[in-house]
2 protein chains.
Amino acid sequence: MRLTTRGRYAVTAMLDLAIHGDKGPISLADISDRQEISLSYLEQLFAKLRQQELVSSVRGPGGGYRLSRCSDDINVAEIIDAVNESIDATSCNGKGNCHKGDICLTHHLWGDLSRQIHRFLSGITLDSLVHQHELQLVSLQQGGQVDFSAACE
Amino acid sequence: MRLTTRGRYAVTAMLDLAIHGDKGPISLADISDRQEISLSYLEQLFAKLRQQELVSSVRGPGGGYRLSRCSDDINVAEIIDAVNESIDATSCNGKGNCHKGDICLTHHLWGDLSRQIHRFLSGITLDSLVHQHELQLVSLQQGGQVDFSAACE
DNA sequence: ATTTACTTGACTAAAAAAGTAGGTTTTTGC
DNA sequence: GCAAAAACCTACTTTTTTAGTCAAGTAAAT
């Protein structure tokens, strides 16, 4: 699990799809305009998103991309994983080639933490992000407070 | 909030301190040996950790580093933030220089997500990681299953 | 005084991120 | 059939970050 601007771009683009996808396929040019991400960079990202079957494409005029699953069935972790090569595992992964017991100790601790983060991000769906934002918008218009607890599930 | 091997090194090193710190200050050379991180790289990381007052140093023979606070008062988020330059903010941060309402939309969504991740990592202390691992060790020796739910808070 | 260990800064190589360029297919509508 | 719009593909360049090296210090304890 790696967290950089690359993953942020991917999540942002997927959010754009989730928001505008109801109007049929969305072209990368549209996303590029709206989100200010270079078209060719988007192409690279979407090649990977397509490989992982997070999006499907429609070619030709009027074509573009759409989410291949419902937005409440796509979570943030899989988007980030799709565009980032998975982080290199610890050097002594189960092989037991560590001098003392101490070495693997913190390696495993890091692994645990990594898994916790992954599990956390797996619980956040595109849909919940969009939904949460909509609630905020409404609230702003009414000048009220946002109840975040209700926004997620 | 950025998540790379750099932050992982920092967390690993801090965990090493948390585990061995009871025997007085720990030298970077020790950490380097145990965790297989190059000494000079550790020096860079610890310079930043010291700036953020996460560790304090003791010079001279027998010297080294120790946690400047109790391990249950140091969380993972601040360790990662200490060694990573904070990720560049969105281009239109409140200035309202975005063409349509749409542009800032996903930017804010990403900001929300980013904050959620940060909040999550803020809740994980060094102590809880060490503690969790100790429980696992005991369990392995007894051949039993680990109750993760009990390990954290 | 000497050893040990941290401090600082400059430097380098390699990898990843980000962006560019130019082309090829596929599909649609005229 | 043809032109345009879009995905798709490949190779390349630039910039930034990561990871590490080197060297000349400074400070503290024995």
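Nearest-nucleotide assignment on DNA chain C puts the 5′-proximal partner with B:L39, out of B:L39 and A:G7. Residues B:E43 and A:Q44 each lie close to DNA chain D; by heavy-atom proximity, the contact nearer the 5' end of the strand is made by A:Q44.
One interatomic measurement links the two molecules: CZ of A:R6 to C1' of C:dA15, which rounds to 12 Å at whole-angstrom precision. Counting to the nearest Å, the C1' atom of C:dA17 and the CD1 atom of A:I80 are 15 Å from each other. Between the C1' atom of D:dA7 and the CG atom of A:L42 lies a distance of 13 Å, rounded to the nearest Å. The nearest whole Å value for the distance from the CZ atom in A:F46 to the P atom in D:dT10 is 19 Å. Atom CG of A:D30 and atom P of D:dA6 are 7 Å apart (whole Å). Here D:dT10 presents its C1' atom at 17 Å from OH of A:Y41, a figure rounded to the nearest Å. Following rounding to the nearest Å, B:L49 (CG) and C:dC6 (P) show an atom-to-atom distance of 13 Å. When rounded to the nearest whole Å, the span between CD1 of B:I31 and C1' of C:dA5 equals 13 Å.
Listed nucleotides D:dT21, C:dC6, D:dA7 differ in distance to B:L28; the shortest reach to its side chain belongs to C:dC6.
The structure places CD1 of A:I31 at 9.5 Å from NE2 of A:H20, a figure rounded to the nearest 0.5 Å. Atom CZ of A:F120 sits about 6.5 Å away from atom CD1 of B:I117, to the nearest 0.5 Å. Here CD of A:E43 is found 6.0 Å from CG of A:L28. Values are rounded to the nearest 0.5 Å. Residue B:L121 holds its CG atom at 9.0 Å from CG of A:L3, rounded to the nearest 0.5 Å.
Using a 4.0 Å cut-off between charged nitrogen and carboxylate oxygen, B:E78 and B:R69 count as a salt-bridge pair.
Not one side-chain nitrogen or oxygen of A:T4 sits closer than 4.0 Å to the OP1 or OP2 atom of C:dA16.
B:S40 comes within contact range of at least one nucleobase, with a heavy-atom separation under 4.0 Å.
A:D72 and A:H131 are not linked by any side-chain donor-acceptor pair at a separation below 3.5 angstrom, with hydrogens and angles left out of the test.
Under the 30°/60° scheme for interplanar angles, the aromatic rings of A:F46 and A:Y65 are found to be tilted.
A heavy atom lying under 4.0 Å from DNA chain C marks the following residues of residues 57-65 of chain A, by number: A:R59, A:G60, A:P61.
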